Amino acid sequence: MLLGRRSETYQGLTEKAPDERFARIGGWAWAGTGIVLTVGNLSAFIGELASGRSGDPYFWFVATAALTYIALVALLSRRT
């Protein structure tokens, strides 16, 4: 922890108001996390269907992600 205070990455992750660069990096990190979670849920849904089960819980995760994406694209396209 003492050595972490000198690290630029540590400071960027722990500051309450990060600079523009770390805010952009954080945005890309959240986008990457969303992609990984969506692909994982979609793969689990397809795997459930392939093994003869309904895949219902994973369907709702994927449907929620898709609806959220569509809503955010619509909302953000009006703001810019």
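Not measured: the values here are computed from a predicted model.
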Salt bridge (charged side-chain N to carboxylate O under 4.0 Å, His left out) contacts touching [range] (sequence neighbours left out):
range: residues 29-53; answer: Glu48-Arg53
range: residues 55-73; answer: none
range: residues 34-44; answer: none
range: residues 27-42; answer: none

Inset, instruction - Kindly write out the residues that satisfy side chain to side chain contact (heavy atoms under 4.5 Å, CB included) with Thr68, not counting sequence neighbours, or none if the list is empty. - result: Thr64, Leu72

Inset, instruction - Answer yes if Leu49 and Phe59 sit in the same cluster of Ile, Leu, Val, Met, Phe, Trp and Tyr residues linked by side chain heavy atoms under 4.5 Å apart, and no otherwise. - result: yes

Contacts under 3.5 angstrom, residues 32-44 side chains, donor-acceptor by atom type, not counting sequence neighbours:
{"from": "Thr33", "atom 1": "OG1", "to": "Ala29", "atom 2": "O", "distance (Å)": "2.8"}
{"from": "Thr38", "atom 1": "OG1", "to": "Gly34", "atom 2": "O", "distance (Å)": "2.8"}
{"from": "Asn41", "atom 1": "ND2", "to": "Leu37", "atom 2": "O", "distance (Å)": "3.2"}
{"from": "Ser43", "atom 1": "OG", "to": "Val39", "atom 2": "O", "distance (Å)": "2.8"}

Legend entry - Straight-line distance of Trp30 CH2 to Ile25 CD1, nearest 0.5 Å: 15.5 Å

